[in-house]
Amino acid sequence: MSDDSVIIEKTEESGRYPFQAIERKWQTRWEASQVYRTEEGGDKPKSYVLTMFPYPSGSGLHVGHCKNYVPGDVVARFRKMQGFNVLHPMGWDAFGLPAEQDAIKRGVNPRSVVPQLAAEYKRQMSVLGLSYDWTREINTTDPAYYKWNQWAFLLLYKMGLAYRKSAPVNWCINESSVLANEEVVDGKCWRCDGPVIKKDLPQWNVKTTAYADKLLEGLDKINWPEGIKTQQRDWIGRSEGAEVDFETPIEGEKITVFTTRPDTLWGATFLVLAPEHPLVDDLIGLGTWEQNEAVRAYRDAAAKASEMDRTAEGREKTGVFTYSYATNPVNGDQIPIWIADYVLMGYGTGAIMAVPAHDQRDFEFARKFCLPIVLVYSDDETQTEDDLTAALPTGGTFRAAFDTPFTGEPNSKETVKKVIRWMETYVQSDDPDNYYPLSGFGRGRIVYRLRDWLLSRQRYWGTPIPMIHCPKCGIVPVPESDLPVVLPDVENYKPTADGRSPLAAIESFVKVKCPECGDDAERETDTMAGTVDSAWYFLRYTSPHNASAAWDRAAADYWMPVDMYLGGREHAVSHLLYCRFFQHVFHDAELIDADEPASTLRNQGMLNSLTPVDADSDPRDKKPIKPDELVGFDRDSWISRFQSGGVFPAERIMRDVETGGGKTEPVNIEFQWLKMSKSKGNATTPDEMAEAYGADALRMYVLFEAPFEDSIQWSEERMTGTFRFLNRVFDIVTQICPAYDPAYSKRLQVTDLAEERALRRKTHQTIAKIAEDIAELRFNTAVSALMIHTDALRRFVAAHGSNSPAAHEAAATLVKLLAPFAPHIADELWERLGHKDEFLFRTDWPIADGAVAAEEEITLVVQVNGKLRDRITLPATADATACEEAALRSAKVMEELNGRSPKKVIVIPGKLVNIVV
RNA sequence: GCCGAAGUGGUGGAACGGUAGACACGCGCGCCUCAAAAGCGUGUGAGGAAACUCGUGCGGGUUCGAGUCCCGCCUUCGGCACCA
């Protein structure tokens, strides 16, 4: 390593430390010596630090990515120095639409683009000094990776968790692609904002619903942010209630509804079916031709309407009567059957009993269509339905009018349970005058809002689903020994007109022999959703090169679960739910010990950039304008102009795509803090910042500027703070270097010099403080503590010179504590202190000596009636009595008391005395 | 509408129920310099000459003591939204 021991001197004229040379030098050395290779085994504890892996796009990294990657890097480096075996890997989540769309646009195969993009990301990550073990790099588009997606799919299939079903799906017209529910935002496609309609296609689904309860229970034992847990609970949406059967005029067909309020059955005055309900067709035909046409028209309109139209805010209830009636099982009433789109086929049974007196939606529907309203609960028996202006979901007692065992019961969960028990056992009566149902017309049931995971995509750039359709044998899984089913090259990336994936057009891919009968068969042409790739990638990192299994059992059991998982809040219910599902499935299949993927999860904040936007665009979502589209754009002066005078006019260049020429048109400009992204034109690259201030200063800036979970308002100006700090560190440590004795600890002893003791105290307090702060992800206060410590050292050296072992201890400790945050300058200064051929990554975290860290004196705060009146310095040994006496002796207190005697004295020894008069 | 997070100087932000504003940006003054930049030192919540007083979105409460805990509002930002 001595071959490149470049002597780097501070460039005198600039007054800045030579960060560029230092960073290049150490990045080269780290790479050459493979310092970040994961170590396993020994008797060290393990720590798996994982940052969500990126989708490598063509625009590369910007400084906003530092908000994700730098904190993880600090934790990984810290744990390593603390003596853990650390797994800190990185990879590429590279399947999916953006690469494919780019391919369509530019006519290139994503297969050839992904490695270039990944290489560029990797280069930029190295510029930032991130300590990834690149020998464990994974790429989801590598057949050696997605082979195991296919293996996992076959496992789900064998476990009965994967099934094919023709179902209405979200279909984005623009992208000609199926979307998962969470990919539909406000009824529009999350990616292109295009309209989303319902379309019937045979789809592969996975029974996540079978794991609903396990996914709920698992939340209780993991240390994840409460907000994420709440979102997952809401998404799963467990709801306890009952199914109730209603007889219909159609022979042998019942309508089963789901209700959370079976206790209000006596108030059910009509039924409502979802337009897609299978019985709708049978019910049509019982009315006149015109009537049936109206029902048909309504159903067809509902099918065509986009999700946005159907769920639009404050929308008036719509619906249509089927001219059929069902029988209310508790009283034999014939109640009308309606169809309305506020009832959703995907939830419960797709049918409800409407109880307008106690449900607001049913109430609105009943009032609009003049349907009867019957109160089941009321405050008194004289209350009538006519007075109602809104439904009464709570309150009141069960009315006497219904001749049930429930008269007088409160409107409560207990009553609901009683009714369910009664329903399940209710038997027919002999009394011919009363209508009584057959026994068991209803039963308790739990339903979930969670729907099964739709993972078919009619797209090219994804993992082929390893299934074969045989005319004789039906659906046959590809034998495991034939995996991977390799994604072939393709000429055309667009889906076929019938909605099948581009793979359907490749005969050599589609044509296959059935593994069971050997006859001609066809391959499945759907590919998997990208969320499959990320649902188990953390397991692959534990043994990324294993060719015979998705993971090595021993390695996975050693590293799992992830100890610290860092990523954005936007994955709350998609990725973070699916990866938990996979982990539970693998656990149940006895393939892994851990049943949860990550014991601790934390969400970092965003990094926002002050961005010029079109002031006249949609106020909730103002359109950013790229700087190069604005005539005479000057960031600083435009921002100050906006801040002093608000919106102002400018000229925007409208490029003509065909001719390449441009004309301008007027636009009103304002500035908004928007999440940094290349597509908005508001991004700054880490390369620029590393060039101007160094990666270390950039790292420290994103750590220092705001708490980990908060957003940062990007400001290059403010980065000067951490940059100046690193310069001061460089100056003071290099100043100490000539006198520095690496064996300083032998010379450390109890000293008469108070300043020396104070410096050592600060050193040891800082060690403890930084360790605590990193463990809690409080990087901003950790950086602050480093600044305070550096300042203490500088003052000490200014006053007492650099010969003191206390100063050497402070300097060496400072460099070590700095290492997780600013690894380049730390390694450089460590070397300059004489520790040749060492990497701080491989050294030990300093140990705080509690005795040295203990304060000698305390500042006693003296309050009178809770107001600060005096501060007294006392020896740290002062006990409660000494504190109280000192406080009462205080001249300021005597003046304040003015002869009055204290009523009460509160003493917190060593801290505070409060005298109450 | 429901759920979640948060409101502290000119700015980003500190603060186990115990000195509000650590640390930093900006700004003022001083040193260095022919001058500037950089750097170093120093000051910087508001009012006041000072002693002091007032100050953590608003209104109550608990407490010897509240930015912190409780109740009710207001505002901002996320997420969900006819889920029977």
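Below, read A as the first sequence line, B as the second, and so on, with proteins coming before strands; counting in each chain starts at 1.
Judged purely by distance below 3.5 Å, without hydrogens or angles, the side chains of A:Gln713 and A:Asn608 never pair a donor atom with an acceptor atom. If you check the side chains of A:Thr415 and A:Ser412, you find a donor sitting under 3.5 Å from an acceptor. A:Asp731 and A:Tyr17 are not linked by any side-chain donor-acceptor pair at a separation below 3.5 angstrom, with hydrogens and angles left out of the test. The closest side-chain donor-acceptor pair between A:Thr394 and A:Asn411, if any, does not fall under 3.5 angstrom.
The side chain of A:Ser784 has B:rC23 as its nearest neighbour among B:rC23, B:rC64, B:rC82. In this structure, of B:rC83, B:rC54, B:rA14, it is B:rA14 that holds the atom nearest to the side chain of A:Asn780. Looking at the side chain of A:Arg449, the nearest of the listed nucleotides B:rG4, B:rC80, B:rA24 is B:rC80. Side-chain proximity of A:Tyr347 to B:rC83, B:rC82, B:rC64: nearest is B:rC83. For A:Pro707, the listed nucleotide lying nearest its side chain is B:rG13; candidates were B:rA84, B:rG26, B:rG13. With B:rA22, B:rA84, B:rG26 as the candidates, the nucleotide lying closest to the side chain of A:Ile352 is B:rA84. Considering only the side chain of A:Asn914, B:rG18 comes nearest among B:rG39, B:rC83, B:rG18. Distance from the side chain of A:Arg869 is smallest to B:rU53 among B:rU53, B:rG26, B:rG4.
Mapped onto RNA chain B by nearest heavy atom, A:Glu226 and A:Arg728 fall at different nucleotides, with A:Glu226 at the one closer to the 5' end. Closest-nucleotide positions on RNA chain B for A:Thr720 and A:Leu868 were compared, and the one nearer the 5' end corresponds to A:Leu868.
The nucleotide B:rA46 finds its pairing partner in B:rU53, both defining distances of the Watson-Crick or G-U wobble pair being shorter than 3.5 Å. Pair assignment for B:rU68: none, as no Watson-Crick or G-U wobble contacts are both less than 3.5 Å. B:rG30 is paired with B:rC40 under the Watson-Crick or G-U wobble criterion, all donor-acceptor distances under 3.5 Å.
Across all strands shown, A:Arg778 has no heavy atoms under 4.0 Å from either base or sugar-phosphate atoms. Nucleic acid contact for A:Lys911: base, since at least one base atom lies under 4.0 Å from a heavy atom of the residue. As judged by a 4.0 angstrom heavy-atom cut-off over every strand, A:Arg238 is placed among residues making no nucleic acid contact. Residue-level contact check: A:Val916 touches the backbone only, with heavy atoms under 4.0 Å from sugar-phosphate atoms and none from bases. Among the protein residues, A:Ile906 comes within range of the nucleic acid bases, having at least one heavy atom under 4.0 Å from a base atom.
Note: A:Tyr342 and A:Phe365 have tilted aromatic rings, judged against thresholds of 30 and 60 degrees for the angle between ring planes.
Checking A:Phe363, A:Tyr377, A:Trp266 one by one against A:His358, the ring pair (Phe, Tyr, Trp, His ring centres under 6.0 Å) holds for a single residue, A:Tyr377.
Donor-acceptor pairing under 3.5 Å, judged by distance alone, is present between the side chain of A:Lys317 and the base of B:rC82.
Going from the P atom of B:rG26 to that of B:rA20 covers 28 Å, rounded to whole Å. Here, B:rG55 and B:rG9 have their P atoms 14 Å apart, quoted to the whole Å. Spacing between B:rA84 and B:rU68 at atom P, rounded to whole Å, works out to 37 Å. Using atom C1' as the reference point in both B:rG39 and B:rU33, the two lie 12 Å apart (nearest Å). A distance of about 14 Å separates the P atoms of B:rA14 and B:rC23, rounded to the whole Å. Remark: the separation of the C1' atoms in B:rC31 and B:rG78 is 50 Å, to the nearest Å. Look at the P atom in both B:rG67 and B:rU56: the space between them is 7 Å, to the nearest Å. Comparing the P positions of B:rC69 and B:rG17 gives an interatomic distance of 8 Å, to the nearest angstrom.
In this structure, A:Asp773 atom CG and B:rG13 atom P are separated by 17 Å, rounded to whole Å. A straight line from NZ of A:Lys867 to P of B:rA20 spans 11 Å, rounded to a whole angstrom. Atoms CZ (A:Arg718) and P (B:rG13) sit 8 Å apart, rounded to a whole Å. Rounded to whole angstrom, the span from the OH atom of A:Tyr693 across to the P atom of B:rA24 amounts to 18 Å. Between the NZ atom of A:Lys904 and the P atom of B:rU63 there is a distance of 10 Å, rounded to whole Å.
Taking 4.0 Å as the cut-off between side-chain N and carboxylate O, A:Glu240 and A:Arg238 count as a salt-bridged pair. A salt bridge links A:Asp220 with A:Arg233: the closest approach of a Lys/Arg side-chain nitrogen to an acidic carboxylate oxygen falls below 4.0 angstrom.
Applying the 4.0 Å criterion to OP1 and OP2 of B:rG13, one finds that A:Thr781 has every side-chain N and O outside that range. Checking the phosphate oxygens (OP1, OP2) of B:rG26, a side-chain nitrogen or oxygen of A:Arg724 falls inside 4.0 Å.
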